Amino acid sequence: MQNNSEIPLKEQNIVLIGFMGVGKTTIGSHLARKLYRDFVDIDQEIEQEYNMPTTEIFKTYGEKRFREIEKEHILKLCSNTRLKIISVGGGAFLQEEVKQACLASSIVFFLDLNWDSWKDRLKMLIDTRPNLQNKTLEEIEELFRSRQDIYALNHSKIDTDQLDAEEVADYIIQTLKLGWELYEPTRGLN
Ligand SMILES: Nc1ncnc2c1ncn2[C@@H]1O[C@H](COP(=O)(O)OP(=O)(O)OP(=O)(O)O)[C@@H](O)[C@H]1O
Ligand SMILES: O=C(O)C1=C[C@@H](O)[C@@H](O)[C@H](O)C1
Ligand SMILES: [Mg+2]
């Protein structure tokens, strides 16, 4: 669970990564409530800044612009904040600089879900995720599989297949407590 950050492990931001629809936003808000921390959802931050949904931002400004704004938001949080729960967009780790900044400053959890479970969620996601639109199921599966590489570097991988969102949040908290105790058992007490 360790990284290069000067920030004590218990105060580092927690970043949730994974493919669209694995539950980063839902689980992140449970986690924030349970740990009494602020929750930041990068997609929602960008939507608020532009005052339009992601699908409209993609149509009006293009994915490239969206990625630039996404990077700005994440880099700022990585360098200026602590104690936050951050859900990043499913494509954020496509940008190497974003990936490295998160891994160096924060505790990064990869929320994993298998394809068969994921595809049952497609109907719920399609209207609001531009990168799922105008694709066949085979193309979406190809995207799903090709994206797994970008999530492979993380501090902890959580298999979410058999768990509801709240159970995943509880599991993350158990993992964190173990990591905090193991790596910094006395920090802050001396
Ligand atoms: N563990 C879970 N079990 C069952 N359903 C879940 C679970 N986690 C999330 N969901 C449901 O899946 C849908 C997508 O979840 P959510 O929006 O949190 O995904 P996301 O990872 O934030 O996606 P994106 O990267 O596109 O923002 C929601 O309808 C949510 O209620
Ligand atoms: O995986 C992706 O490419 C995306 C995921 C969403 O979270 C949004 O960031 C946007 O819809 C793009
Ligand atoms: Mg989300």
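Indexing begins at 1, ligand by ligand and atom by atom, following the structure's order. Both backbone and side-chain heavy atoms feed into the values below; hydrogens, waters and symmetry mates do not. Position 1 is the first residue of the sequence, and the numbers go up from there. The shown structure was predicted, so the numbers you read here are calculated from the model rather than taken from an experiment.
- Nearest heavy atom pair, residue Ser5 against residue Gln12, reads CB-NE2, 3.5 Å.
- Contacts with ligand 1 closer than 4.0 Å are made by no heavy atom of Glu167, backbone or side chain.
- Heavy-atom contacts from other residues, nucleotides or ligands closer than 6.0 Å to CG of Asn80 number more than 12.
- Separating the CZ atom in Phe39 from the CD1 atom in Ile86 is a distance of 9.5 Å, to the nearest 0.5 Å.
- When only interatomic distances are considered, the shortest N/O to N/O separation between Gly89 and ligand 2 does not fall below 3.5 Å.
- Which parts of ligand 1 touch Asp43 is read off a 4.0 Å heavy-atom cut-off, strictly below it: atoms 27 (O).
- When heavy-atom distances to ligand 1 are checked against a 4.0 Å cut-off, Thr25 comes that close through both its backbone and its side chain.
- Heavy atoms only, all atoms of each residue included: His73 and Ile46 are closest at CD2-CG1, 4.1 Å.
- Scanning both residues, Asn114 and Asp161, for their nearest heavy atoms gives N-OD1, 3.0 Å.
- The protein heavy-atom contact nearest to atom 11 (O) of ligand 2 is Pro130 CD, 3.4 Å.
- If you look at the Mg ion (ligand 3), the protein N, O or S atoms less than 2.8 Å from it are Thr25 OG1.
- The distance criterion of under 3.5 Å between nitrogen or oxygen atoms is not met by Val88 with respect to ligand 1.
- Of all the listed residues (Gln133, Glu63, Arg67), Arg67 holds the heavy atom that lies closest to atom 12 (C) of ligand 2.
- In this structure, atom 23 (O) of ligand 1 lies nearest to the protein heavy atom Gly21 N, 2.8 Å.
- Taking CZ from Arg121 and CZ from Arg129, the interatomic distance works out to 10.5 Å, rounded to the nearest 0.5 Å.
- In this structure, the separation between CG on Leu132 and CD1 on Ile126 is 5.5 Å, given to the nearest 0.5 Å.
- Residue pairs meeting the side chain to side chain donor-acceptor pair (under 3.5 Å) criterion with at least one member in residues 144-155, sequence neighbours excluded, are Glu141-Arg145.
- Closest to atom 9 (O) of ligand 2, if we only count protein heavy atoms, is Asp43 OD1, 2.6 Å.
- The protein heavy-atom contact nearest to atom 1 (O) of ligand 2 is Arg147 NH1, 2.7 Å.
- Considering backbone and side-chain N/O of Gly23, one or more are found under 3.5 Å from N/O of ligand 1.
- Considering both main-chain and side-chain atoms, Arg121 comes within under 3.5 Å of ligand 1 through a nitrogen or oxygen pair.
- By the 3.5 Å distance cut-off applied to N or O atoms, Asn131 is counted among the residues near ligand 2.
- Using a 4.0 Å cut-off between heavy atoms, Leu111 makes no contact with ligand 1 at all.
- Contact annotation: Phe19 has no heavy atom less than 4.0 Å from any atom of ligand 2.
- Residue Leu163 has at least one nitrogen or oxygen atom sitting less than 3.5 Å from a nitrogen or oxygen atom of ligand 1, judged on distance alone.
- Of the options Ala92, Gly90, Gly21, the smallest heavy-atom separation from atom 5 (C) of ligand 2 is shown by Gly90.
- A 4.5 Å side-chain heavy-atom check between Arg37 and Ile14 finds at least one atom pair inside the cut-off.
- The closest approach between a heavy atom of Lys24 and any atom of ligand 2 is not below 4.0 Å.
- The distance from ligand 2 to the heavy atoms of Thr54 drops below 4.0 Å at these ligand atoms: 10 (C), 11 (O).
- A salt bridge is defined here as a Lys NZ or Arg NE, NH1 or NH2 lying under 4.0 Å from an Asp or Glu carboxylate O, and Glu181 with Lys177 fails to meet this definition.
- Proximity to Arg129 (heavy-atom distance under 4.0 Å) selects the following atoms of ligand 1: 17 (O), 19 (O), 23 (O), 24 (P), 26 (O), 27 (O).
- Proximity to Gly90 (heavy-atom distance under 4.0 Å) selects the following atoms of ligand 1: 25 (O).
- Taking every heavy atom of Leu125 and a limit of under 4.0 angstrom, the matching atoms of ligand 1 come to 14 (C).
- Put simply, no part of Gln44 is less than 4.0 Å from ligand 2, judged by heavy atoms.
- Note: no N/O pair closer than 3.5 Å links Ser87 and ligand 1 by distance alone.
- Both the backbone and the side chain of Lys24 come within contact range of ligand 1, each with a heavy atom under 4.0 Å.
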